[in-house]
Amino acid sequence: MIRIEPRQSSSALMTYGIPVLSAIISLLLASIPLTFSGAPIGASYFEMFKGVFGSKFAFSEMLTRATPLIFTGLAVALAFRARLWNIGAEGQLYLGAMAAVAVGTGVFDVPGVILIPMIMVMGCVAGATGMAVPTLLKTKFGADEVVTTLLLNFIILIFLQYMLEGPFKDPMGLGWPQSSPILDQGMLPPLMDRMRIHSGLIIALICAITAQFMLARSVWGLKLRAIGENPSAARHAGIRVNRTLMSAAIISGALAGMAGVSEVAGLKGYLTSDLSPGFGYTGIVVAMLAGLSPLGVVAAAIFIASVFVGADSMSRAMGVSSYLADLVVSTSLLCVLVGGFVARFKFVRLIQKKEVTQ
Amino acid sequence: MDILQILLSESFWAASLRIATPLIFGVLGALICEKSGVLNLGIEGIFVAGAMTGWLAVWLGAGLWGGVLVAALAGGFFGLIHAVLTVPLGLSQHVSGLGVTLFATSVSYFSYRTALPTVTSPPRIEPFRPLDMPFLSDLPFFGPVLFQQTALTWLALFMVGLVWYVLNRTALGIAIKAVGDNPNSIDAQGLSVYALRTGAVVAGSALMALGGAFLTMSAFDAFFFGMVNGRGWVCIALVIFASWRPGKALLGALLFGAFDALQVRLQTEVGALVPSQVFLAAPYVLSIFALVIAARSADYPRALLTPWFKGQR
């Protein structure tokens, strides 16, 4: 007979080991679909590895891919810490991107030192609004934020299509639904010559460090964690729950908005309706792999970005569907969930003693 | 005047019921899961899996009802993953459900691409045909609206009655509702909380998958990427709107279907005045409104989202 008992505290080995182990297991499990598609397994893994670490360019591409994932991962991690289920990072990302386009494509032809902060602030405000509304619906009407943020993703994407066909449409775009380009001085400076990696990564890292500090050391972080662990106890302790939830929502939405800003004003230069291949949803996986820790988000984003970039180049070389990457990413989420269970509980073998009657 | 004409037309009501069909399956499935105390956000991915596997089975020659069976089994399989993670392991139902959605979607997309690596246009199957019933199909108005639907729509309507009957008139249904309200009472009776919840989630997920199967085997005749397009999430909103009652779930799905059918027709009427995106977004906006209106008075299963462990009170 095996009984399951909660652990009093989880060891550091568990905290760091489980996500790493989950990542490795999900990569190993990818050999099953690889077998089905008839690709040689060893060579496929080698191609995947080469696609990330094979050259300076490949590595910089991976970091470019990790940048939006750090933002969305942070957005999800902070919200989830307060048990605010923000599944709308995808929509908030697009709101941020739209705001960047609204101010950055020529309405304000000002020097970069003014324009770049303006784009970033507007992107954050737009993203924050995108999370503040469902949070308000939750605190005022009790409408479940999971459903409202999910549905808002679709509404925002439809709104984006309208904007790209109408107000944002590039007159030089040859009829494609894409926005006018961001002014040159509004673009985030690139980090390396002839590479796509841009200073959005630096901003993302600063955000991660700040978030880590805020969560661990500030009063706000303490309140947030208290609400996440026990909302009614937090209320009795005098924490204004709704107000703290709203502040978490605003910061979470702003971070997701920054993901959109960084993709538009750092990487693409213009906005299309396929700017994000699901960065918002992948942010959930990143946050969970990170154990909802902001610094962990950076590591998890690098892992997920490596999977995507590596699988992309592997699929080109071996003719395997690039949906393999999504498969690995979703498997890693399921693995880390199970791992979380193993970390929280210990398995105790019960030895049944025979009772001796006297 | 124009709206009145639309509302009186047979084709409008026939379309409403057709659009409502996948939602009826989805809402019923989600309802069963939640009645037992488990929120199943895997629904969106299970729709995709049902749509893909059902279609693929038919395309490989399994026959239409064979495809329906395969879809239900696929749904049950992904439901089982969610059930194992959330019932005995008691993990976060939100995160596990989203994980199942991501997993089911990527498995479906990957399998589709692997089975059909080099197709430019999606291959088509011969889908379910509208049933032709002697006499009934020729009735004025009711003939076209009710009696010229496909067998899957009839199955959906039958399921509403069946789910209502099982939940309200059988010992099993009463146990499912009890395990979602107060699992300790079930444990005290010597019944297994784990078995009841797992069973409910698997059965509910199989029903959800039929909603997906309807898309590829009745509404359309091929599988497209992104074809589910949030229908699963809409179902989650409709369950709350329906306050976890099968009858109200049918009503909610029909209202939604009617609204969707209406917007398509209005679009052709006033398309020049209003951007088409307003109509496209309307169903999602409507779902949020329904949620906001219904949320406060909703009769949540009391143990929804709460894991239960044996021997721990």
Side-chain angles (χ1 to χ4, degrees), chain A residues 3-6 33 36-38 80 83 85 87 134 137-138 140-144 146-148 150-163 165-166 278 281-282 284-285 287-288 319-334 336-338 340-342 344-345, chain B residues 39 41 44-45 81 84-85 88-92 94-115 117 225 229-230 232-234 236-237 239-240 275-285 287-288 291-298 309-312:
Chain A
R3 204 173 69 187
I4 299 163
E5 285 180 354
F36 274 108
S37 49
F80 277 25
R83 272 201 236 167
W85 302 103
I87 324 292
L137 293 180
K138 174 195 172 78
K140 288 267 183 259
F141 301 101
D144 187 23
V146 176
V147 188
T148 49
L150 275 168
L151 292 172
L152 272 172
N153 286 341
F154 290 89
I155 296 171
I156 291 165
L157 207 60
I158 292 167
F159 178 63
L160 169 74
Q161 281 155 10
Y162 164 71
M163 294 303 274
E165 284 172 21
Y281 301 107
T282 314
I284 298 167
V285 186
M288 289 310 293
V320 176
S321 161
S322 59
Y323 283 112
L324 185 75
D326 301 80
L327 209 48
V328 174
V329 168
S330 57
T331 320
S332 71
L333 175 59
L334 296 179
V336 83
L337 264 174
V338 176
F341 172 79
V342 177
R344 270 193 294 123
F345 296 92
Chain B
L39 172 72
L41 292 182
E44 182 83 4
I81 296 179
V84 168
L85 291 176
L89 301 192
L91 296 163
S92 160
H94 285 114
V95 184
S96 166
L98 292 166
V100 168
T101 280
L102 293 177
F103 184 60
T105 307
S106 51
V107 168
S108 306
Y109 285 3
F110 183 83
S111 314
Y112 180 82
R113 266 279 161 266
T114 307
F225 293 101
N229 205 12
W233 309 134
V234 167
I236 297 289
V239 179
I240 301 172
S276 63
Q277 284 87 359
V278 172
F279 297 106
L280 285 177
Y284 302 111
V285 177
S287 301
I288 293 182
L291 196 64
V292 168
I293 293 166
R296 276 278 183 248
S297 57
F309 298 106
K310 192 159 182 65
Q312 232 180 281

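We name chains A, B, ... by the order of the sequence lines, and we start the count at 1 in each one.
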Part of [X] within contact of chain A (heavy atom distance under 4.5 Å):
| X | answer |
| --- | --- |
| B/Leu85 | side chain |
| B/Leu41 | side chain |
| B/Val234 | both |

| side-chain hydrogen bond (donor to acceptor under 3.5 Å, both in side chains) partners of B/Trp233, counting only residues at least two apart | none
| task | Determine, step by step, whether B/Val95 and A/Leu333 satisfy the side-chain contact (heavy atoms from CB on, under 4.5 Å) criterion, reporting the C-alpha distance in whole Å, the side-chain angles of both residues, the deciding distance to 0.1 Å, and the verdict. | result | CA-CA 9 Å; B/Val95 184; A/Leu333 175 59; 4.0 Å; yes
Considering all heavy atoms of both residues, which atom of [X] and which atom of [Y] are nearest to each other, and what is their separation?
| X | Y | value |
| --- | --- | --- |
| A/Leu327 | B/Ser106 | CD1-OG, 3.4 Å |
| B/Ser96 | A/Leu337 | CA-CD1, 3.5 Å |
| A/Ala143 | B/Val292 | CB-CG2, 4.0 Å |
| A/Ser37 | B/Phe110 | OG-CZ, 4.1 Å |
| A/Asp144 | B/Leu291 | O-CD2, 3.9 Å |

| said: Can you confirm whether A/Phe154 sits close enough to B/Leu280 that some side-chain heavy atom of one is under 4.5 Å from a side-chain heavy atom of the other? | reply: no
| remark: Heaviest contributor of heavy-atom pairs below 4.5 Å to chain A, chosen from B/Ile81, B/Val84, B/Thr105, B/Thr114, is B/Thr114
| said: Quick check for you: among A/Ile87, A/Val147, A/Asp326, A/Leu150, which has the greatest number of heavy-atom pairs under 4.5 Å with chain B? | reply: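 With the most close heavy-atom pairs to chain B, the winner is A/Leu150.
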| Under the ring pair (Phe, Tyr, Trp, His ring centres under 6.0 Å) test, which residues partner A/Tyr323, sequence neighbours left out? |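 Scan of A/Tyr323 (ring pair (Phe, Tyr, Trp, His ring centres under 6.0 Å), adjacent residues dropped) gives B/Tyr109, B/Phe225.
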